[in-house]
Number of protein chains: 2
Amino acid sequence: MSCSEAYAPQLRARGYRMTPQRHAILHTLCHSGKHLTPIEVYARARKQLTSLTEPTVYRTLEFLAENGLIHSAQIGNGRFVYEVTRHAHHHLVCRHCGKELEVDHQIVEKMYQKLESFSGYKITDRHINFFGICSNCQ
Amino acid sequence: MSCSEAYAPQLRARGYRMTPQRHAILHTLCHSGKHLTPIEVYARARKQLTSLTEPTVYRTLEFLAENGLIHSAQIGNGRFVYEVTRHAHHHLVCRHCGKELEVDHQIVEKMYQKLESFSGYKITDRHINFFGICSNCQ
DNA sequence: TTCCTTATTGCAAGAAGTTACAACAATATA
DNA sequence: TATATTGTTGTAACTTCTTGCAATAAGGAA
């Protein structure tokens with residue numbers, strides 16, 4: 001029943017393991033429907049696995065993001081939030097009222113391509129929040 | 001002699017004050033030549049003003065950035081670094097070796113303009129670090 | 001000057017995030 | 001099976017960052 005079981009083969013294929021801790025964290029993210037802070041993940045996943053600890057949550061979130069099972073995104077105050085991987089996307093966040101707008105991926109992707117050809121770098125982090133003031137708040 | 005005195009009128013004009021703490025922090029950033037973390041600013045500025053405290057450093061950096069006297073930029077781990085305002089620019093940072101490359105501002109500016117016309121938002125934060133793998137490390 | 005208002009700071013406590021290391025658990029190999 | 005190897009976690013201590021609040025300092029008005 002749990003959506004997190006689908007991820008086990010992905011981990012196994014790379015020589016990693018699906019542990020109860022990873023299961024609980026993936027389960028939490030799957031069923032939240034939105035991005036969560038590490039602290040929120042910790043609080044929720046602990047209801048399912050009470051032995052879970054903070055360092056494990058931070059390590060696991062970073063691990064899952066590195067392996068592409070979840071996405072990380074930087075939020076306004078310089079911290080990370082996490083969500084399950086759907087499609088690549090960006091958000092435009094209003095500094096004033098907090099309203100989020102999903103950005104047409106084309107606009108950003110074109111710039112990434114230019115950046116890559118200009119620099120020789122291969123861009124790895126394609127999930128960025130942009131900040132501004134929305135039309136209502138201006 | 002201190003470069004930070006040039007900023008006093010900018011603050012006064014907005015009803016703010018140039019205090020010894022702000023002076024010390026601006027002085028530190030002016031003479032470092034590179035971006036610094038809040039902790040680094042704290043350590044350096046304290047040599048000049050021993051009574052300076054941590055909360056004041058964090059608050060002052062945020063305050064100065066909001067008022068355009070310094071720039072803030074997000075660094076890899078989701079934390080902020082600060083530097084004195086020069087020209088608007090972006091960095092491309094290698095996830096592997098840490099090498100930084102200054103990005104041609106045109107590339108990014110064009111995308112910002114598209115974002116603005118598409119969304120109606122006015123982009124406020126134009127100082128973003130992009131992450132990737134540099135040509136050497138690929 | 002004296003009084004009032006507001007900007008600004010320090011203190012103390014707490015929240016969030018990180019690190020080092022020992023212990024454990026799963027898998028592979030002999 | 002026994003042994004070695006490697007992945008993974010918990011504990012404890014620590015660093016980094018934030019918040020609430022009282023105290024202070026600066027500037028304006030009377």
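First the proteins, then the strands, lettered A, B, ... as listed; each starts at 1.
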(message) Hydrogens and angles aside, do A/R46 and A/Y42 bring a side-chain donor and acceptor to less than 3.5 Å of each other?
(response)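 Yes - a donor-acceptor pair under 3.5 Å links their side chains.
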(request) Identify the residue among B/V81, B/L61, B/L29 that makes a side chain to side chain contact (heavy atoms under 4.5 Å, CB included) with B/L36. (result)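 Of the listed options, the one satisfying the test is B/L29.
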(message) Ignoring hydrogens, what is the shortest heavy-atom contact between A/K110 and B/K114? Give both atom names and the distance.
(response)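 Shortest heavy-atom contact: CD-NZ, 3.9 Å.
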(request) Taking all heavy atoms of B/A45 and all of B/L52, pick out the closest pair and write down the distance. (result)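 Heavy atoms only, the tightest pair is CB-CD2, 3.6 Å.
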(request) Assign each of A/R17 and B/P55 to its nearest nucleotide of DNA chain C by heavy atoms, then name whichever residue's nucleotide is nearer the 5' end. (result)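 Residue closer to the 5' terminus by nearest nucleotide: B/P55.
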(request) Starting from the 5' end of DNA chain C, give me the residue, A/Y58 or B/L49, whose nearest nucleotide shows up first. (result)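 The residue mapped nearer the 5' terminus is B/L49.
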(request) Mark yes or no for a side-chain to base donor-acceptor pair under 3.5 Å between B/R59 and C/dG10, with no hydrogen or angle criteria applied. (result)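 A donor-acceptor contact between them is present.
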(message) Base, sugar-phosphate or nothing for A/S51? Non-hydrogen atoms, less than 4.0 Å.
(response)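 Counting heavy atoms under 4.0 Å across all strands, the contact made by A/S51 is with sugar-phosphate only.
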(message) Regarding A/Q21, tell me which of base, sugar-phosphate or nothing describes its non-hydrogen contacts under 4.0 Å with the strands shown.
(response)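 Since only primed, P, OP1 and OP2 atoms lie under 4.0 Å of A/Q21, the category is sugar-phosphate.
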(request) Assign each of B/E62 and B/R12 to its nearest nucleotide of DNA chain D by heavy atoms, then name whichever residue's nucleotide is nearer the 5' end. (result)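 Going by which nucleotide is closer to the 5' end, it is B/E62.
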(message) Reading DNA chain D in the 5' to 3' direction, which nucleotide is the first one with an atom under 4.0 Å from a heavy atom of chain A, and which is the last?
(response)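 Contact boundaries, 5' end first: D/dT6 to D/dT18.
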(message) Taking the axis from the first five pairs and the axis from the last five, what angle separates them in the helix from C/dT1-D/dA30 to C/dA30-D/dT1, rounded to 10 degrees?
(response)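 It comes to 20° between the two terminal axes.
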(message) Given C/dG10, C/dA16, C/dT8, identify the nucleotide with an atom nearest to the side chain of B/Y16.
(response)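 The closest nucleotide is C/dT8.
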(message) Rounded to the nearest 0.5 Å, what separates atom CD1 in B/I70 from atom OH in B/Y82?
(response)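 So the gap between those two atoms works out to 6.5 Å.
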(request) Mind telling me whether A/H27 and A/H31 have parallel, tilted or perpendicular rings, with 30° and 60° as the class edges? (result)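 Tilted.
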(message) Does B/E40, at its CD atom, have more than 12 non-hydrogen atoms belonging to other residues, nucleotides or ligands within less than 6.0 Å?
(response)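 Yes, enclosed.
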(message) Just N and O in the side chain of B/T56: are any of them under 4.0 Å from OP1 or OP2 of C/dT9?
(response)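 Looking at the OP1 and OP2 atoms of C/dT9, neither is under 4.0 Å from any side-chain N or O of B/T56.
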